[in-house]
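Note: hydrogens, waters and symmetry copies are ignored here, and every other heavy atom, side chains too, is used. Below, chains carry the letters A, B, ... as their sequence lines are ordered, and counting in each starts from 1. It should be emphasised that the depicted structure is a prediction, and the values quoted were computed from it without experimental measurement.
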Amino acid sequence: MREFILYNTLSRKKEVFVPLTPGVVGLYVCGPTVYGDAHLGHARPGITYDVLVRLFRHLGYKVRYVRNITDVGHLENDSDTGEDKIARKARLEQLEPMEIVQHYTIRYHEAMKLLNTLPPSIEPRASGHIIEQISLIGEILNKGFAYENNGSVYFDVEAYNNIYPYGILSGRLLEDMQSNSRTLEGQEDKKSSFDFALWKKAAPEHIMKWPSPWSEGFPGWHLECSAMSAKYLGDNFDIHGGGIDLLFPHHECELAQNTAARGKGGVKYWMHNNMITINGQKMGKSLSNFITLEELFTGSHKILDQSYSPMTIRFFILQAHYRSTLDFSNEALQAAEKGLKRMMQASRDVCNLAHSYGAESLTEIKEIKEGIYSALCDDMNTPIALAHLFEAVRIVNQVKEKQSKINSEDKETLVKLFEEIVGGVLGLADEQSQSNTGDVLNGVINIILDIRKQAKANKNFAASDHIRDQLNSLGIQIKDTKEGTDWSL
RNA sequence: GGUACCCUGGCCGAGUGGUUAGGCAGCGGUCUGCAAAACCGUGAACAGCAGUUCGAAUCUGCUGGGUACCUCCA
């Protein structure tokens, strides 16, 4: 099996990936808090970890991919009065919290499916794992790294920091943070502002609450990932992923909880995707400068010049390395759209290439293949892999245009590359296939094109142009090629 | 204020010491009744200054500009 290199946030270095169990990968990724529509920012981790999973499977690993749904415990802020995000949305829309959760979970799944991401192996919900979370709080309390106050339980960062280093993941020191902290309102229950809630006592009117040894309440946000990752992947597992904005405090707290309860962090490789920016600024809910995926797919947002297909978004994201920020702009999306179109055209053409017996083998093709694999296995460098794939596109086109020849073995290599890498690992599906337009429409258009062909043969260009214009006004594009006339909606 | 990161050609975006990234746009060409599309080819960059080095986009320092995290955020 080929060596796979992965950047580990914990060590701040690229490391050779060695799974805890040979041939098996356990991956946990922080999923969405379902209180709003998925936006372009959500597409980044969705696609990043999807490609990671696809790549591991392609390389022969068995992967268990766990991605949670946060449906409780995620507060608007860290003060005692901070409202649960979902409860708040439910109050505003006069719905049950679980109606909000159901609605946005379904919509999230739909968006992820359009982006051609594979579903996770397990998709646990925080509200379905209250028992596990309560039991984890008990362990942390027993070890002396948490305290109860007024029905709520808080993680004791200072006590923890006396034994284990708090801040190793995000690279900060508690002392630094203490000397530079802002004072927040409404934290009377906590010993220190760095302490974070493991269990919160719920107000009487609160719906999302469960009984516990301490109070009727609900679990803290950071707790769910510790509890659910351990449940489905074990106390030790290979990779924990998520957006880089979750590094602190979420992942730092998770690591602390794991260590406090079990004496070890439990995660071998921490992996973080970077942000998508808009005009150089992070795209996010709190900044309300985000574009939802639906708006992108339909073009219904004032800053969008046009709509962009899910695969365009996917391609756009894959053209940047996952650890780099990626700036959104119409220009960049349009460039991605055209590049993708060319890639997919070659992907379709490669199967129909005529190979020549006795044509010399192109060493370039082997180099391209090697380049693609080594790029993907070097911390999942998809932009480099795509660059090599575009070299393959050029070869396909040259053969297609009869500017060069290819033997059957090389052709097979190319076919496999497009199938297994473009379609399989990168997950770029062909959106242009006409199979879904219906046989009747296909037939009708073919009849019309046949009439136009006859008009052209008779040099009746007025008639042929008229047909073209009429079809155009219906949104059907006509392309005259050497082989005949292509059309697309 | 603390910590970290970034600044690459018109745009997006790879690249950690010496060789063409790639995509889009541009330009030149092929094809075509025309158009569109498609295809081929191609010029162009490393924020500024100083240093290390035989040699730096790549290492070091300074200056300028920007971003992220420190409160919820993918």
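The interatomic distance linking Gln334(A) (CD) with G10(B) (C1') rounds to 14 Å, in whole Å. For the pair Trp221(A) CH2 and U71(B) C1', the computed distance is 11 Å after rounding to whole Å. Between Leu389(A) atom CG and A21(B) atom C1' there is a gap of 13 Å when expressed in whole angstrom units. Remark: P of A14(B) and CD1 of Ile372(A) are 18 Å apart, rounded to the nearest angstrom. Remark: P of G23(B) and CD1 of Ile384(A) are 13 Å apart, rounded to the nearest angstrom.
Arg172(A) is linked by a salt bridge (Lys or Arg N to Asp or Glu O under 4.0 Å) to nothing, counting only residues two or more places apart in sequence or in another chain. Listed by chain and residue number, Tyr357(A), Ile406(A), Ser408(A), Lys411(A) satisfy the side-chain contact (heavy atoms from CB on, under 4.5 Å) test with His355(A) (two or more places apart in sequence, or in another chain). Judged as a side-chain hydrogen bond (donor to acceptor under 3.5 Å, both in side chains), and not counting sequence neighbours, the contacts of Tyr160(A) are Thr259(A). Applying the salt bridge (Lys or Arg N to Asp or Glu O under 4.0 Å) test to Glu123(A) and every residue at least two apart in sequence or in another chain returns Arg67(A). In this view, Arg12(A) satisfies the salt bridge (Lys or Arg N to Asp or Glu O under 4.0 Å) rule with no residue, not counting sequence neighbours. Residues forming a side-chain contact (heavy atoms from CB on, under 4.5 Å) with Thr413(A) (at least two apart in sequence, or on another chain): Ile365(A), Lys369(A). Partners of Tyr269(A) under the side-chain hydrogen bond (donor to acceptor under 3.5 Å, both in side chains) rule, at least two apart in sequence or in another chain, do not exist in this structure. For Asn274(A), the side-chain contact (heavy atoms from CB on, under 4.5 Å) test picks out Arg44(A), Ile244(A), Thr325(A), with sequence neighbours left out.
When heavy atoms are screened at a 4.0 angstrom cut-off, Asn274(A) is found touching base atoms of the nucleic acid. Using a 4.0 Å heavy-atom distance criterion, His388(A) is classed as making no nucleic acid contact. Within the 4.0 angstrom heavy-atom criterion, base atoms lie near Met275(A). Contact annotation for Ala387(A): base contact, defined as any heavy-atom pair under 4.0 Å involving a base atom. The residue Gly41(A) sits close to a base: some heavy atom pair falls under 4.0 Å.
A centroid separation of less than 6.0 Å is found between the aromatic rings of His251(A) and His272(A).
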Reading nucleotides 32-42 of chain B from the 5' end, what letters show protein touch, with B for base, S for backbone sugar-phosphate only, - for no heavy atom under 4.0 Å?
-> -BBBBS-SSS-
Where do Tyr308(A) and Ile291(A) land on the side chain to side chain contact (heavy atoms under 4.5 Å, CB included) test, with the steps shown first?
-> CA-CA 12 Å; Tyr308(A) 299 99; Ile291(A) 309 167; over 6 Å; no
Worked verdict on Asn330(A) versus Gln334(A) for side chain to side chain donor-acceptor pair (under 3.5 Å) = CA-CA 6 Å; Asn330(A) 279 289; Gln334(A) 283 157 9; 4.6 Å; no
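Residues Ser152(A) and Asp189(A) have side chains that never bring a donor and an acceptor to within less than 3.5 angstrom of each other.
Within residues 318-331 of chain A, the residues having any heavy atom under 4.0 Å from RNA chain B are, by residue number, Gln319(A), Ala320(A), His321(A), Ser324(A), Thr325(A), Leu326(A), Asp327(A), Glu331(A). Using a 4.0 Å cutoff on non-hydrogen atoms, no part of residues 112-122 of chain A comes near RNA chain B.
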Just the table, please: protein N/O against nucleotides 57-59 of chain B N/O, every pair under 3.5 Å.
none

